[in-house]
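Notes follow once the structure below has been shown.
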Amino acid sequence: MTNFTILDGLVLMVVAMATVFVVLLGLWGILAIVKKLVERQSTERPAPASNNQAEVTINQEKSSEEQAEDGTIPPEKVALIMSLLVDKSKRNNK
C-alpha cells in the first residue's frame, strides 16, 4: 500500500465536502422548483369559502358516525388502542 500523507487526506476532505455541498445545492434547486409549481397551482384554484369549511366538517362528523354505526372502529380509536398496546409491551419488556 502506498503512503498516505496529510496532504492527501486534506485533498480528500475538501473533495468530500465539495461533493456534499453540490448534492445539497441540487436538492435546494429541486425544492425551489417544486415550491414554484405548487404556488402556481394553488393560485389557479379558488380558495374555498368559510361556509364550505363548516359543511366539510359536518360531513366528516356524519361519516365517522355512520362508520361507527356500521360496526367498524373509527381510525382514532384504532390509533389509541395501538398506542396503548405498544406502551404495555414496552413496560413488559423492561
Side-chain angles (χ1 to χ4, degrees):
M1 187 172 194
T2 61
N3 291 337
F4 191 74
T5 64
I6 293 177
L7 184 61
D8 293 334
L10 181 66
V11 170
L12 184 63
M13 182 185 69
V14 169
V15 169
M17 290 174 68
T19 303
V20 169
F21 180 74
V22 168
V23 168
L24 290 175
L25 191 62
L27 290 173
W28 176 77
I30 291 171
L31 184 66
I33 292 170
V34 169
K35 181 181 176 184
K36 286 181 182 180
L37 290 174
V38 168
E39 286 176 352
R40 183 183 307 157
Q41 205 171 35
S42 66
T43 57
E44 292 174 357
R45 289 188 199 162
S50 60
N51 293 339
N52 291 342
Q53 293 285 342
E55 290 176 10
V56 168
T57 306
I58 291 170
N59 288 339
Q60 287 176 347
E61 290 174 1
K62 287 181 181 177
S63 67
S64 64
E65 291 174 3
E66 290 172 359
Q67 288 178 351
E69 292 173 0
D70 293 339
T72 60
I73 302 173
E76 298 86 10
K77 289 185 180 179
V78 172
L80 179 62
I81 292 168
M82 292 300 294
S83 67
L84 292 173
L85 290 174
V86 169
D87 288 342
K88 183 179 178 182
S89 68
K90 285 183 180 178
R91 279 186 265 138
N92 290 341
N93 290 338
K94 289 182 181 178

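Only this structure's heavy atoms are used, side chains among them; waters, hydrogens and symmetry mates stay out.
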Open item on the list: Can you confirm whether F21 is buried at CZ, in the sense that more than 12 heavy atoms of other residues, nucleotides or ligands lie under 6.0 Å from that atom?
Closed with: no
Open item on the list: With a sphere of 6.0 Å drawn around CD1 of I6, does it hold more than 12 non-hydrogen atoms of other residues, nucleotides or ligands?
Closed with: no
TODO: Drop me the distance from T43's OG1 to Q41's CD, to the nearest 0.5 angstrom.
DONE: 9.0 Å
Open item on the list: Can you tell me how far apart CG (L80) and CD1 (I73) are? Round to the nearest 0.5 Å.
Closed with: 11.0 Å
Same cluster or not: are [X] and [Y] linked, directly or through other Ile, Leu, Val, Met, Phe, Trp or Tyr residues, by side-chain heavy atoms under 4.5 angstrom apart?
| X | Y | value |
| --- | --- | --- |
| I33 | L25 | no |
| M17 | L10 | yes |
| V20 | V15 | no |

Open item on the list: Do L12 and D8 have side chains that approach each other closer than 4.5 Å (heavy atoms only, starting at C-beta)?
Closed with: no
